[in-house]
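A short write-up of the structure that comes next.
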Amino acid sequence: MRLVRLIANLGYGNRKDVAWMFREGRITDPDGEVLYADDKVEHAQIRIDGEPLDPPTGLVLMMNKPLGVTCSRKDLGRVVYDLLPPRYRARSPALSTVGRLDRDTSGLLLFTDDGALLHRIISPRADIGKVYEATLARDLSGDEQALFASGTLMLESETTPLLPASLEVLSSRQARLRITEGRYHQVRRMFAATGNHVEALHRSAVGGLELGELAAGTWRPLDASEIAQIFESTEPVRT
Ligand code: URA
């Protein structure tokens, strides 16, 4: 791919802007030698104003989504894209969230510009477990594990029951739930179906990939072995 197009697709500007950046000598190799638009150079050898180029297409990021931000491109309030560098919104192909978390849910949120990978992760057939830590308004009754594992729980206004989900009781009002679907407000509605209410919800893992020590509101790119972990099968949470 020609350099102007490659750099424009990473969101640094339109092709005219990038052509100007070349003319201004802002695009160089690692030694500061000015590059020209028709040079043949590896992605890793390109600097803009001395900084390495953003990662190429095929990007996968994980974010520790904070509370109070929405998984949408446009919203009146704060959105998850506001936590990324502004040019990431202008990348082509576009960077999308892999599924969504509610505004009031925190934790592991993936982004990718790889449509095929996105569909492999969110497809119900992929059977990728998502693990949530829920804090509840009322004590667990003790019936939840069996109900969630049954494969018969029907949420209000739905026509097919939920697939079996596994619940680990952490304390009287705290539980870890592993689900393989991504229905609308699923975890909150599952506990609502038991007469309870989720006060706080945090996603700690997607497949075999755990959030780990990433601070709230921060993000980082995943390497190939971390992307592979998403597809590693995990045990249902202990019951
Ligand atoms: N289930 C919910 O209820 N909310 C989320 O954000 C994710 C799963």
Side-chain angles (χ1 to χ4, degrees), residues 61-84 96-112 118-138 140-141 144-145 147-170 173-212 214 216-219 230 234 236-237 239:
L61 305 177
M62 78 170 179
M63 175 183 283
N64 183 353
K65 177 193 168 298
L67 298 173
V69 299
T70 311
C71 288
S72 110
R73 285 184 197 283
K74 286 190 198 133
D75 193 274
L76 289 180
R78 291 177 74 211
V79 298
V80 287
Y81 293 93
D82 295 336
L83 300 167
L84 299 173
S96 306
T97 63
V98 179
R100 288 173 174 229
L101 291 176
D102 299 338
R103 189 172 179 276
D104 297 325
T105 302
S106 58
L108 175 49
L109 178 67
L110 296 170
F111 293 75
T112 187
L118 188 149
H119 284 107
R120 273 179 68 209
I121 301 172
I122 62 173
S123 158
R125 267 177 285 141
D127 199 29
I128 291 177
K130 276 121 350 198
V131 180
Y132 293 89
E133 320 281 328
T135 304
L136 302 160
R138 285 180 272 285
L140 290 154
S141 69
E144 295 87 352
Q145 275 175 353
L147 178 66
F148 293 170
S150 68
T152 60
L153 176 59
M154 188 82 86
L155 294 178
E156 220 177 281
S157 71
E158 300 230 349
T159 51
T160 50
L162 293 178
L163 291 172
S166 58
L167 182 83
E168 180 183 355
V169 175
L170 303 174
R173 293 193 180 188
Q174 286 199 302
R176 178 173 296 138
L177 180 64
R178 178 183 180 276
I179 60 175
T180 54
E181 299 169 280
R183 300 200 202 181
Y184 181 67
H185 291 335
Q186 182 170 337
V187 176
R188 291 174 205 276
R189 291 164 72 210
M190 287 172 76
F191 282 104
T194 71
N196 214 326
H197 174 74
V198 171
E199 286 201 321
L201 192 59
H202 178 80
R203 184 155 73 185
S204 55
V206 174
L209 180 74
E210 296 191 358
L211 179 60
L214 196 60
T218 67
W219 59 275
I230 298 170
T234 47
V237 294
T239 52

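Sequence positions, counted from 1, serve as the residue numbers for this chain. Worth saying up front: this structure is predicted, and the values here are computed from it rather than measured. Counting starts at 1 for both ligands and their atoms, following the listed order.
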Arg203 side-chain N/O to Leu108 backbone N/O, donor-acceptor pair under 3.5 Å: yes
Asp102/Arg188 ion pair, N-O < 4.0 Å: yes
Under-4.0 Å salt bridge between Arg189 and Glu158: yes
Residue contacts for ligand 1, heavy atom to ligand atom, distance under 4.0 Å: Leu101, Asp102, Thr105, Tyr132, His185, Gln186, Val187, Arg188, Leu201
From Gln174, Arg176, Arg178, residue fulfilling side-chain hydrogen bond (donor to acceptor under 3.5 Å, both in side chains) relative to Glu168: Arg176
Over 12 foreign heavy atoms within 6.0 Å of CD, Glu210: no
Pair Arg73-Ser96, side-chain donor/acceptor within less than 3.5 Å: yes
